[in-house]
Amino acid sequence: DAGVIQSPRHEVTEMGQEVTLRCKPISGHNSLFWYRQTMMRGLELLIYFNNNVPIDDSGMPEDRFSAKMPNASFSTLKIQPSEPRDSAVYFCASSLRLRRGIGTGVEKLFFGSGTQLSVL
Amino acid sequence: KQEVTQIPAALSVPEGENLVLNCSFTDSAIYNLQWFRQDPGKGLTSLLLIQSSQREQTSGRLNASLDKSSGRSTLYIAASQPGDSATYLCAAMNSGYSTLTFGKGTMLLVSP
């Protein structure tokens, strides 16, 4: 299995531009998570999908952030317009959730290698 | 709201030492407690998962314990090696939608 695949690995953009991050979860996994990591705040959950449906988006910082999961094998996180404070490493993770929407305590989370975003 | 704290933030030890990394959480109503390793520029790799009904899990030189009543978990690394150098993060799986809340990690450096 190729694991969770994220693209691009690095993104450098100018303030105000649109940024799209992509994620392909592990085949067969039904839950997908987007996290953001910064030195100051550590790892923060942005949004969580189960069976392609957003379950919890309370971590999405602002309306400038949006996430979609059109099918079980693909998700995007979009920032429009981007700002310098959005600079961070964005991780996608997936797992196999045994109960609809809710964990049972036995699921391991598998992370992608992340996208390093720099907004100038 | 669950809060996870890891102490120390950084640790430097000589090769061969046994060491303990600490993790504390504020809400004891968890499903599980997970330990991850993160190498520079890489994603997180799951090391150990302790279910709420368990007290410890072992994998090779790693042993993780869980005390729900006191809100603590420890990761014990025996006979440390330079290859163990990485950041170690603990995360608590909360009730409700059961998402993970992460600590900020302990950066470990094992010198030869």
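A note on names: the letters A, B, ... follow the listed sequences, proteins ahead of strands, and every chain is numbered from 1.
Scanning both residues, Q34(B) and K108(A), for their nearest heavy atoms gives OE1-CA, 4.2 Å. Considering all non-hydrogen atoms of both residues, Q38(B) and F91(A) come closest at NE2-CZ, 3.4 Å.
The local environment of CG in D63(A) is sparse, with at most 12 non-hydrogen atoms from other residues, nucleotides or ligands closer than 6.0 Å. In the displayed structure, R64(A) atom CZ is contacted under 6.0 Å by more than 12 heavy atoms of other residues, nucleotides or ligands. More than 12 heavy atoms of other residues, nucleotides or ligands shown are found within 6.0 angstrom of CD on E18(A). More than 12 heavy atoms of other shown residues, nucleotides or ligands fall within 6.0 angstrom of atom CD in Q80(A).
Looking at L89(B), the atoms closer than 4.5 Å to chain A (heavy atoms on both sides) all sit in the side chain, from C-beta outward. Contacts between R9(A) and chain B at a heavy-atom distance below 4.5 Å involve the side chain alone, from C-beta outward. Neither the backbone nor the side chain of Q6(A) comes within less than 4.5 Å of any heavy atom in chain B. Interface remark: L43(A) contributes backbone and side-chain atoms alike to the contact with chain B (heavy atom separation under 4.5 Å).
No other option in G43(B), G105(B), A91(B), S46(B) has as many heavy-atom pairs under 4.5 Å with chain A as G43(B).
Note on V110(B): it clusters hydrophobically with L11(B), by side-chain heavy-atom contacts below 4.5 Å among ILVMFWY residues. Under the 4.5 Å side-chain heavy-atom criterion for ILVMFWY residues, no single connected hydrophobic cluster contains both L45(A) and L32(A). Put simply, M60(A) and L21(A) are part of the same group of oily side chains (I, L, V, M, F, W, Y) that touch within less than 4.5 Å, one to the next.
Contact of the Y35(A) side chain with the L44(B) side chain is not registered, since no non-hydrogen atoms from C-beta on lie closer than 4.5 Å.
Rounding to the nearest 0.5 Å places OG1 of T99(B) at 12.0 Å from CD1 of I47(A).
For the pair K104(B) (side chain) and M39(A) (backbone), a donor-acceptor distance under 3.5 Å is absent.
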